[in-house]
Every structure is written in structure tokens, then in C-alpha cells.
Amino acid sequence: MTRISRREFAAGVAAAAALTGFAPVVLGQARARARVVVVGGGFGGATTAKYLRMLDRNLQVTLIEPSQTFYTCPFSNLVLGGLRPLQSIAHNYNAMRTKHGVNVVHSTATRVDPAKKTVTLANGQTLQYDKLVLSPGVDFKWGAIAGYDGKAAQLLPHAWKAGPQTTLLRRQLEAMKDGGTFIIACPADPFRCPPGPYERVSMIAHYFKTKKPKSKILILDAKDNFSKQGLFMGGWKALYDGMIEWVPLSKDGKVVKVDPKTKQLECELGAKHKGDVVNIVPPQKAGAIAMAAGVNQGDWCPINPATFESTKQKDIHVIGDASIAAPMPKSGFSASSQGKVVAAAIVAMLQGKEPSAPSFANTCYSVVGPDYGISVANVYVVKDGKMAVAPGGGVSPAQADAAFRKAEARYAESWYKANAAEVWG
Amino acid sequence: MKRLLLVAASIALAASVAPVHAQQADGRLLALSCLNCHGPGGKSPGEIPSIAGKSEDWLKTTLVDFRDGKRTGAASTVMTRLAKGYTDAEIDALAKYIATLK
């Protein structure tokens with residue numbers, strides 16, 4: 001079906017009238033330009049908004065994002081390690097407006113009416129949509145660890161949404177005495193950025209090694225294995241031998257209670273730990289708007305993996321961390337890859353066409369040291385209606401030489417630049 | 001008229017050798033994931049090589065070599081793993097589409 005804008009339609013009617021000499025009668029309802037509303041300006045949402053416009057210039061695309069500046073979680077660990085300034089992971093929406101013609105509204109989506117197909121914003125606006133894409137990322141399950149809520153996070157930062165929290169944790173690390181202990185509490189799966197806590201440990205270990213070499217790192221983990229585990233542990237042995245201790249779930253690593261004032265943590269079976277700087281990565285769930293729209297099932301949102309359309313509400317697509325897309329991890333790269341597939345699927349669906357067979361990818365680098373990078377890379381396909389890992393893929397070789405690790409550290413930098421340009425540029 | 005016949009003949013030919021169906025590999029859609037590392041339009045802003053401006057033959061050979069383990073070493077990093085995730089038809093479609101990026 002060809003779609004024409006109101007203006008084109010009006011011009012066409014006027015031209016027809018001029019040709020025939022008759023005043024136009026109602027020629028049927030003009031089909032307005034299709035409206036797509038995208039909620040969330042992170043990797044998933046920003047990619048979707050941009051690609052919707054790149055694939056179909058006739059679409060009206062509105063992107064809802066409360067922040068003027070978006071700080072990426074990827075590379076926020078490098079800020080913590082002192083390898084780069086916070087400003088280097090800041091992105092804005094100028095290109096989204098000027099280059100791609102996306103209508104960016106800096107507000108928070110608070111309500112969705114799937115029957116009326118409207119989104120209500122905190123600024124009072126109500127937007128009509130033909131297709132809605134929710135890419136809200138994660139919210140924290142405050143209180144899941146007793147004593148840990150938004151207020152406690154001002155003393156024991158999560159730094160799992162980058163920005164002021166990243167700065168807060170960095171300042172605490174800078175203020176810590178040499179010989180102090182940094183504790184990080186890691187959640188059970190699933191959560192945003194599975195290798196993230198361990199890259200963070202690596203980057204903080206790098207900072208300690210260069211500035212505070214007598215300091216220690218304690219990882220209290222609510223699980224018994226983690227992403228790229230062998231590679232991280234190999235890297236820690238090579239670069240930070242003796243500095244890092246990992247306590248898994250089975251050794252009473254699951255933190256169940258915190259006292260923000262004394263920085264004391266209590267584990268499931270009673271072990272107590274006290275740190276000089278404490279970082280809690282809290283258990284997570286889909287962002288609030290997913291719950292408000294009724295597209296969640298428990299903490300996350302079930303989708304049809306071919307189009308990422310919600311299995312619970314028609315014409316609402318949920319992508320990124322909020323969606324149930326396993327075995328794809330909850331990563332920025334995954335969200336962006338999903339955003340591209342969803343943009344193409346929406347363009348096809350609005351034109352009454354069958355979407356192409358989807359193909360997704362995820363490539364995540366982790367920086368263990370300035371010259372020591374590791375990665376995980378996979379292609380994903382939909383098989384028998386389910387998301388599946390394509391053949392191949394996996395993590396960096398366990399026995400790679402120094403040149404390989406160095407190449408991956410350099411590629412990580414390049415990967416970040418490319419992603420930033422691809423998503424916000 | 002002659003031209004019309006030619007067009008009609010080529011359409012018939014295309015239809016006979018390559019039946020179009022919804023699940024055919026969509027080179028553009030496949031290639032979009034590549035750009036998150038290789039940069040917008042296939043032009044890399046960093047040390048990862050650009051893929052824009054390469055010939056279809058070069059792209060196809062390189063992807064197949066990554067997949068089959070003939071191209072390894074420090075610089076190949078993730079590509080030896082990723083290339084195994086694509087079928088022959090998908091590699092053809094990828095190479096064909098990426099070759100249009102200038």
C-alpha cells in the first residue's frame with residue numbers, strides 16, 4: 001500500500017479538481033502518515049527511532065526520553081577505572097532531530113492505553129500511535145536486598161545506570177585509603193550486562209594496582225558462575241594476582257541485607273562483610289512503563305522474537321533489557337540489533353508486507369586492562385518460533401597471546417565509537 | 001517495445017532461478033548488525049576495519065575464510081566466531097549488500 005501525506009493528498013485533490021473543473025467531493029478517508037512512538041532513548045530506542053526514519057522517510061517518529069544527555073553503561077567501567085572521563089560516554093539527541101527528523105520529547109511516558117493506542121506523558125501530553133516501541137531498560141527492585149533503596153544508593157552506589165551514580169562511585173574510590181576494601185554485590189541472572197560487574201572489578205583493580213596497590217576487592221555473588229568467567233579469571237591472574245576474591249552463591253555469596261551507614265553487608269547464610277567502598281548491583285526488572293502498559297509477565301516482557309511484538313498487547317513492541325529475548329543477553333548491542341530488526345519489521349507491517357527473516361547479533365567487549373580485552377560474539381536467529389543461537393559464536397580463545405588480547409582492547413575502543421555513532425549519530 | 005520484452009524476459013528468468021519468498025535472506029537486514037562495530041554505512045571511526053568500499057568478491061571470500069578458519073590471527077578476533085553463524089546464502093546476501101556501501 002502506498003501511503004501519502006495529508007499535504008500530498010490535499011495537493012492531489014486540488015490538482016484533480018483543477019483538471020476536471022469540478023469541486024472535489026470526499027474521495028474516501030485520506031490515510032495519514034503512520035505514527036510510531038518509541039519510549040526510551042538508550043541503545044534500543046534510539047536505534048529504532050533512527051532506523052525507522054532511515055527505512056521510511058514518510059513515518060512520523062516520536063522518541064520519548066526524559067534525559068537530555070544519555071550516559072552509556074558500556075564504558076562507564078572505564079570511567080570508574082580512570083581510563084576516560086564521564087563526558088566521553090555522554091550522548092545527546094541533536095542528530096536524532098536534525099539529521100533523522102525524529103521528534104524528540106524530553107519527558108517520561110507514564111501510561112499506555114493499548115485499546116485507544118495512546119501514550120500519556122508526565123508533561124501532560126497524550127500521543128496517538130499506530131505502533132508503539134517500548135525500550136525502557138531496567139528498573140531496580142528496591143528492597144529485594146533489605147535496606148537497599150534509592151536513598152541507600154546515595155551511600156552505597158549502584159552505578160548500574162551511568163551518570164551521577166558513576167561519578168559518586170568514582171569519588172568514593174578516589175577518597176578510599178590505600179589498603180582499603182572494595183566490595184561489589186552481584187545479582188543472580190538475568191540482569192543488564194552480564195559481564196559488566198566483572199569488567200568493573202577489572203577496571204577498579206587496574207585503578208588500585210596503579211594508585212592504591214595494597215587495596216583488595218571482594219566480589220559477593222548471588223550466582224555460581226558468570227559471563228566470560230574463565231577469561232576474566234585468567235586476566236585477573238595475569239594482571240591483578242592476589243587482589244581479587246570471588247565468593248559465589250554456594251559459598252554464601254548472596255547479599256540479603258545492607259546497612260548503608262556502617263557499610264556492613266549480610267549474606268544469606270549469615271556471613272558478614274564490611275567494606276570501605278561498597279557497590280550494590282541490585283536485582284532488576286523491566287522499566288516501569290512496561291508494567292503500566294501491561295506487557296510484562298512477572299519482571300520481564302514476553303515477545304514474539306521475529307518482530308519483538310508483545311505477546312500480550314498487539315502493536316506494542318518491547319525491545320532491549322526489558323524483553324525476554326534469551327539466549328540474547330541484556331546488552332546495549334543486543335538492544336540496538338533488536339531495534340534495527342524491529343524498525344524494519346514495523347516498516348514492513350505498516351506497508352502490509354511480511355517482515356524479512358530476522359537476524360540478530362551481539363558483540364560485547366570487556367576491558368580487563370588497558371591492553372587486555374576479551375569478547376563474546378554471537379549471531380542469533382529465530383528457530384521454530386524461538387530465539388536461538390546460530391552456529392559458531394562464543395568467547396575469545398582461552399589461550400590467546402598478548403597480541404590478541406591487545407587487539408581486542410583496541411577493538412573495544414573502536415566498537416564503542418562505532419556503536420555511539422550508529423545509535424546516536 | 002523491444003525494451004519491454006527484454007524486461008519481461010529478465011523478470012521471467014529471475015523468477016525461474018530465484019523464487020522470491022518471504023524467508024529469503026535479506027542482505028540489508030543481515031548487514032545492519034555489522035554496522036554497530038564497522039560503523040555507520042560501513043565506515044569505521046576507529047581501528048576496526050571499514051567494510052564500505054569493498055568488492056562483493058572480497059567480502060564473500062573474507063567471510064568464508066573467517067568461517068572456515070582460513071583467516072585467523074590477532075586481528076581476526078570476533079569475526080572467526082561470528083562468520084560461522086551465517087549460511088552460504090546469507091553470506092552471499094551479506095556480500096552483495098555490503099558491496100553497495102561506498
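Note: hydrogens, waters and symmetry copies are ignored here, and every other heavy atom, side chains too, is used. Computed from a predicted model, the values in this text were never measured in an experiment.
Scanning both residues, V379(A) and G85(B), for their nearest heavy atoms gives CG1-O, 3.9 Å. Across all non-hydrogen atoms, the minimal contact from A344(A) to L29(B) is CB-CD1, 3.6 Å. Heavy-atom minimum distance, F333(A) versus S33(B): CZ-O, 3.7 Å. Summarising the geometry of Y411(A) relative to P49(B), their closest heavy-atom pair is OH-CD, 4.4 Å, with the distance given to 0.1 Å. Contact record, P40(B) with A418(A): CD-O, 4.2 Å, taken as the closest heavy-atom pair.
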request  = Any chance you could lay out the salt bridge (Lys or Arg N to Asp or Glu O under 4.0 Å) test for E408(A) and R81(B), step after step, and finish with the verdict?
outcome  = CA-CA 14 Å; E408(A) 291 214 294; R81(B) 290 168 258 157; 3.3 Å; yes
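Counting heavy atoms of neighbouring residues, nucleotides and ligands inside a 6.0 Å radius, atom NZ of K84(B) exceeds 12 of them. Atom NZ of K228(A) is surrounded by more than 12 heavy atoms from other residues, nucleotides or ligands within 6.0 Å. Few gaps surround CZ on R410(A); more than 12 heavy atoms of other groups in view lie less than 6.0 Å from it.
In this structure, K406(A) does not pair ionically with E47(B), as no charged nitrogen and carboxylate oxygen lie closer than 4.0 Å.
In this structure, S414(A) and S44(B) have side chains that are in contact, with non-hydrogen atoms separated by less than 4.5 Å.
Proximity to chain A (any heavy atom under 4.5 Å) is shown, for R67(B), by neither the backbone nor the side chain. Only the backbone of F360(A) comes within contact range of chain B, judged by heavy atoms closer than 4.5 Å. Heavy atoms of N378(A) lying under 4.5 Å from chain B belong exclusively to its backbone. Only the backbone of V376(A) comes within less than 4.5 Å of a heavy atom in chain B; its side chain stays farther off. Within the 4.5 angstrom heavy-atom criterion, only side-chain atoms of Y365(A), from C-beta onward, approach chain B.
Contacts with chain B were tallied for A403(A), S337(A), G394(A), A390(A); G394(A) has the most, counting heavy-atom pairs under 4.5 Å.
At distances below 3.5 Å, at least one donor-acceptor pair connects side-chain atoms of K340(A) with backbone N or O atoms of L32(B).
Checking T77(B), V78(B), N36(B) one by one against T363(A), the side-chain contact (heavy atoms from CB on, under 4.5 Å) holds for a single residue, V78(B).
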